[in-house]
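Worksheet for the structure shown next.
Protein chains get the first letters and strands the later ones, always in sequence-line order, with residue 1 at the start of each.
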Number of protein chains: 2
Amino acid sequence: MSARQVTLAEVAKQAGVSLATASRVLNGSTRQVSEELSDRVLRTAEELGYVPNASAQALARNSSSLVGLVVHDITDPYFSCIAAGVTRVAEEAGLVVVLGTTGRRPEREVELLSTLRAHRARAVVLAGSRTTDRAAQSRLAAEIDAFTEQGGRVACVSQAKLGTDTVVPGNRAGARALARSLAELGHKRFAVLGGPAELVVARDRLAGFKAGLADAGIAPPVVINGAFTRDGGYEAALELLTSKSRATCVFAVTDVMAMGAMAALRERGVRVPEDMSIAGFDDIPTLRDTVPALSTVRLPLEHMGELAAGLVLDAGGDEARTVRVAGEVVLRASTAHN
Amino acid sequence: MSARQVTLAEVAKQAGVSLATASRVLNGSTRQVSEELSDRVLRTAEELGYVPNASAQALARNSSSLVGLVVHDITDPYFSCIAAGVTRVAEEAGLVVVLGTTGRRPEREVELLSTLRAHRARAVVLAGSRTTDRAAQSRLAAEIDAFTEQGGRVACVSQAKLGTDTVVPGNRAGARALARSLAELGHKRFAVLGGPAELVVARDRLAGFKAGLADAGIAPPVVINGAFTRDGGYEAALELLTSKSRATCVFAVTDVMAMGAMAALRERGVRVPEDMSIAGFDDIPTLRDTVPALSTVRLPLEHMGELAAGLVLDAGGDEARTVRVAGEVVLRASTAHN
DNA sequence: GCGTGGCGGGAAAGCGCTTTCCAGCGCTGC
DNA sequence: GCAGCGCTGGAAAGCGCTTTCCCGCCACGC
């Protein structure tokens, strides 16, 4: 146990070259090394099972191979899809992904960013949805500044007015298009199961949906806010049912909430789509096999993760770049004509 | 941009103390520092926005705060649940989780382990399912040895004869109990949608299921192997249907495969559970709202992640420890009396 | 023949921290 | 009164690497 790790110095000594030469061979510096020495070093390194000490490299180079990924909840398929995209790109670039979960606590996001700064992470992707809480936002902004000051790059997925690179899904436009499509099905009275009022994503989707209804000349929807989770959707749907609303179609601002809502409807004997149509947002792959199949707005989540990682990994200028990603309305069995 | 990072030396100088003292104050060494100096250091550190350089600390202490987590596919809810458990425990312990995904390629697992070794990760949780491929296993074993040699700890989730700490779900026992429960429903002819033959988890579940059927005096099931994914389940179910098997109940070795299978059945007009009962394994939370609700064997996935992280984080002896986790049969609407 | 420049190799100075070792000092015990 | 001890503070030696700087060597041109 605990045999000491093989160091570059040992490799160099064994190969009969200097530390500098060994280093140059084993990490591909700009400097040339004669083939003979190079071979010798490579061979000894192999024999000894040399693995460079990443901390030492990071220290000497003043830059690490870490990329941060901050999500609210990795079990939420929305985030795990994005995470998959980010890790794929990062791993291809030979980088290592550090996963941080916030449990939706803004202060945790700040902590994580600070930890990542301590590790001199090269970049970080913030996949959490921004809030409108001013205090939290400004602390976060300060951390982000500190992080970029230090030479790290930051990208956000979803709305962010933080001056960072951003991948922006078409929340507003997608929800608006969805509303119009649903209106075309003949529905006149709508309800929306919204997320927490301070979540920008939730607000955008709600606003977009309202706009779409307005486009179609339909009265504004009943809005019920719940947590941004399956249970939030469940509770909100129950509330909707007890409210005696006469809505015939309900839009849950995420697929996950829609699942909860459908469970609630089912329990109360409300049939989908016969008694009530329901639509979600995101088009979570794992949920595509549900019955009735959920109408939704498809977002290329994994691709969004890739895009964010791409933004954050190529140097880019000082300009904050924004990549827009469109949502595509997908009507399935959970919404019917009315 | 790129303002130089505040170092301990600057803090020390500013506070008028030595480097040693500053270090002692800011990281809580065993040594005492007078309250006066301590306060001064703390205050200056705060003022300057000092954040210790994790790489330098890791180098000096020869141990980092990184914990590796290796999974096949983070979008698979099985893994994302485990990941959630691991990250929770790690974060509580003040550690940082490095996420690696293998895409089910054994060599990638080895690579990741080597990277984690380079980073002097303190520990790693391997959540991928072991295979029976001897070559791959031995390379992995070598990497694991190298890792532990260097002082790191390794834990596996699910079967592993690699001499590491392990969290073992009751795959065999769970599947066996499930088979008996299904037999009690009156089914006589069974089919199993198994995973790839070399996956230990898949084999165990299959073996357990067979044993359970034998217990009930029922003929062995038709077995169709497919990929360990939703699509694998879908394909396998199609194959089952075209095989003209007369099974009335099918067991998919994972919930995710069961979802694919149900989709296939639905497409072919086979009603669940009227025409065919179906059961899965894992009890993935995200899938609990599906209709018909899936009968399955519940595994406390998130808790398993916590257990694995726990094993790998408390020092423990040299003994490889094993924690067994029981599966609990949960019959729901997808299985009916026959 | 000698200055020049390019090139491969090595010595050594860091990178930012931890930790050992030593110095000084105020107490205690005889 | 003094040796001895415990305690706090600082100097300095690393930790394992990268990279600058320098040196010697070998064409080459005049």
task = Looking only at side-chain atoms of A:S18, point me to the closest of C:dG14, D:dA11, C:dG10.
result = C:dG10
query = For C:dG9, does either OP1 or OP2 sit under 4.0 Å from a side-chain N or O belonging to A:S34?
reply = yes
Closest contact, heavy atoms only, B:L126 versus B:V124 = CD1-CG2, 3.7 Å
inquiry  = Can you work out whether A:R24 or A:R120 has the more 5'-proximal nearest nucleotide on DNA chain C?
reply    = A:R24
ask   = OP1 or OP2 of C:dG10 sitting under 4.0 Å from any side-chain N/O of A:T21?
value = yes
ask   = CG of B:L19 versus P of D:dG10: gap in Å, rounded?
value = 11 Å
task = Choose from C:dG16, D:dG10, D:dT19 the nucleotide whose nearest atom is closest to any side-chain atom of B:V17.
result = D:dG10
query = Between the side chain of A:T101 and the main-chain N/O of A:G103, is any donor-acceptor distance below 3.5 Å?
reply = no
task = Please confirm whether the backbone N or O of B:A15 pairs with a side-chain atom of B:R40, one donor and one acceptor, at under 3.5 Å?
result = yes
Per B:V33 side chain, nearest of listed nucleotides D:dC15, D:dG9, D:dT8 = D:dG9
query = Rounded to the Å, how far apart are B:L48 CG and C:dG16 P?
reply = 14 Å
message = Considering only residues two or more places apart or on different chains, which pairs with a residue in residues 15-24 of chain B satisfy salt bridge (Lys or Arg N to Asp or Glu O under 4.0 Å)?
response = none
note = Sorted by position of nearest nucleotide on DNA chain C, 5' first, the leading residue of B:R31 and B:S23 is B:S23
request  = Nearest-nucleotide wise, let me know which of B:R61 and B:L37 is further upstream toward the 5' end of DNA chain D.
outcome  = B:L37
query = Nearest of C:dA11, D:dC15, D:dC17 to any side-chain atom of A:A56?
reply = D:dC17
ask   = B:Q57 side chain N/O closer than 4.0 Å to the phosphate oxygens (OP1, OP2) of C:dG16?
value = no
inquiry  = The criterion is side-chain contact (heavy atoms from CB on, under 4.5 Å); which residues satisfy it with A:R108, sequence neighbours excluded?
reply    = A:T102, A:R105, A:E111, A:L112, B:E91
query = D:dG9 C1' sits how many Å from B:D39 CG, rounded?
reply = 16 Å
remark   = Assert: residue with more 5' nearest nucleotide on DNA chain D, out of B:G16 and B:A60, is B:G16
query = Taking atom P of D:dC17 as reference, at what distance in whole Å does atom CD of A:Q5 sit?
reply = 9 Å
ask   = Has A:N27 got a side-chain N or O lying under 4.0 Å from the OP1 or OP2 atom of D:dT18?
value = yes
key: Integer-rounded Å distance: D:dG9 P and B:R40 CZ   = 10 Å
ask   = Quick one: is B:N62 getting a side-chain N or O under 4.0 Å of the C:dT18 phosphate, OP1 or OP2?
value = no
query = Whole Å only: how far is the CD atom of A:Q32 from the C1' atom of C:dG9?
reply = 13 Å
key: d(CG, A:L26; P, D:dC17) in whole Å   = 9 Å
note = Atom CG of B:L8 and atom P of D:dG10 are separated, to the nearest Å, by 13 Å
task = Using a 4.5 Å cut-off on heavy atoms from C-beta on, say whether the side chain of A:L19 contacts that of A:L8.
result = yes
